[in-house]
Amino acid sequence: MNIPFRPVFMTLLALSTAGLVFTRAQAGDDEYFAPVTDPATLSECGSCHLAFPPSMLPAASWKRMMAELQDHFGDDASLDADTTAAVTRYLVANAGDAGGYRRDILRGLPRGAAPQRITELPKWVHEHDEVSDAEWRAKDVGSKANCPACHVDADKGYFEDD
């Protein structure tokens with residue numbers, strides 16, 4: 001039996017690549033958060049910072065944040081009423097506790113809590129406790145909210161250690 005090498009090799013390569021991609025984004029992976037796909041949310045939130053995946057906070061947080069856009073971490077991020085409503089609907093529908101399911105990142109957070117900073121979630125604090133204050137203040141990082149500084153695929157929803 002003579003099996004052509006190239007087709008077999010290409011098939012194996014394609015299968016292994018697909019396996020890696022599938023494994024990386026499996027449901028339940030606590031380092032993958034589906035990135036924002038809503039155009040209005042990407043445009044409005046992503047114009048100033050990473051459009052954080054909505055599953056990183058509970059619905060109560062998104063409702064509160066969207067209701068307080070006039071003082072969004074010291075800036076006025078107000079939007080017109082229709083855009084605010086649309087973005088709020090998207091964030092709440094995709095929140096970390098949407099549909100009765102509670103993401104691992106919300107572990108340790110009391111039910112009903114509405115934290116405004118992902119960086120203050122107990123799970124986030126635990127995951128980043130080895131990062132020194134000097135590293136946070138480094139010129140290329142600048143803030144705990146600058147996820148892409150350390151997580152190069154944050155915009156794609158991947159937050160594993162790089």
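Note that these values count all heavy atoms, side chains included, but never hydrogens, waters or copies made by symmetry.
When all heavy atoms of Ile105 and Met56 are compared, the pair lying nearest together is CG2-O, 3.9 Å. Here the shortest heavy-atom pairing between Ala34 and Pro53 reads O-CB, 3.3 Å. Scanning all heavy atoms of the two residues, the minimum distance from Pro122 to Arg107 falls at CB-O, 3.9 Å. Closest approach of Ser61 and Ala113 over heavy atoms only: OG-O, 4.3 Å. Glu135 approaches Glu130 most closely through the heavy-atom pair OE1-O, 3.9 Å.
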How far apart are the C-alpha atoms of Asp104 and Lys123, what are their side-chain angles, what is the distance that settles it, and do they pass the side-chain contact (heavy atoms from CB on, under 4.5 Å) test? CA-CA 8 Å; Asp104 188 50; Lys123 172 79 170 162; 3.0 Å; yes
side-chain contact (heavy atoms from CB on, under 4.5 Å) for Val36 and Leu50? Distances and angles first, verdict last. CA-CA 10 Å; Val36 172; Leu50 171 71; over 6 Å; no
Go through Lys144 and Val131 one step at a time and tell me if the side-chain contact (heavy atoms from CB on, under 4.5 Å) criterion holds. CA-CA 10 Å; Lys144 292 179 180 180; Val131 181; over 6 Å; no
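With Asp153 contributing its side chain and Lys156 its backbone, the two residues share no donor-acceptor pair below 3.5 Å.
Atom CZ in Arg111 sits 8.0 Å away from atom CG in Asp97 (nearest 0.5 Å). To the nearest 0.5 Å, atom CZ of residue Phe52 and atom CH2 of residue Trp62 are 8.0 Å apart. One finds the SG atom of Cys45 at 7.5 Å from the CG atom of Leu79 (value rounded to the nearest 0.5 Å). For the atom pair Tyr32 OH and Ser55 OG, the distance stands at 9.0 Å (nearest 0.5 Å). Atom OG of Ser78 sits about 11.5 Å away from atom CD of Glu68, to the nearest 0.5 Å. For the atom pair CD (Glu127) and CZ (Phe159), the distance works out to 12.5 Å, reported to the nearest 0.5 Å.
Legend: residues meeting salt bridge (charged side-chain N to carboxylate O under 4.0 Å, His left out) with Glu120, ordered by chain and number and at least two apart, are Arg117.
Classified by interplanar angle (parallel below 30°, tilted 30° to 60°, perpendicular above 60°), the ring pair His151/His128 is perpendicular.
Pro115 is listed as a side-chain neighbour of Leu121, based on a closest heavy-atom distance under 4.5 Å.
Using modelled atom types, one finds a donor on one side chain and an acceptor on the other under 3.5 Å when comparing Asp80 with Thr83.
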Contacts table for residues 88-96: side-chain donor-acceptor under 3.5 angstrom, sequence neighbours left out:
from	atom 1	to	atom 2	distance (Å)
Thr88	OG1	Thr84	O	2.7
Tyr90	OH	Thr37	N	2.9
Tyr90	OH	Thr37	OG1	3.4
Asn94	ND2	Tyr90	O	2.8

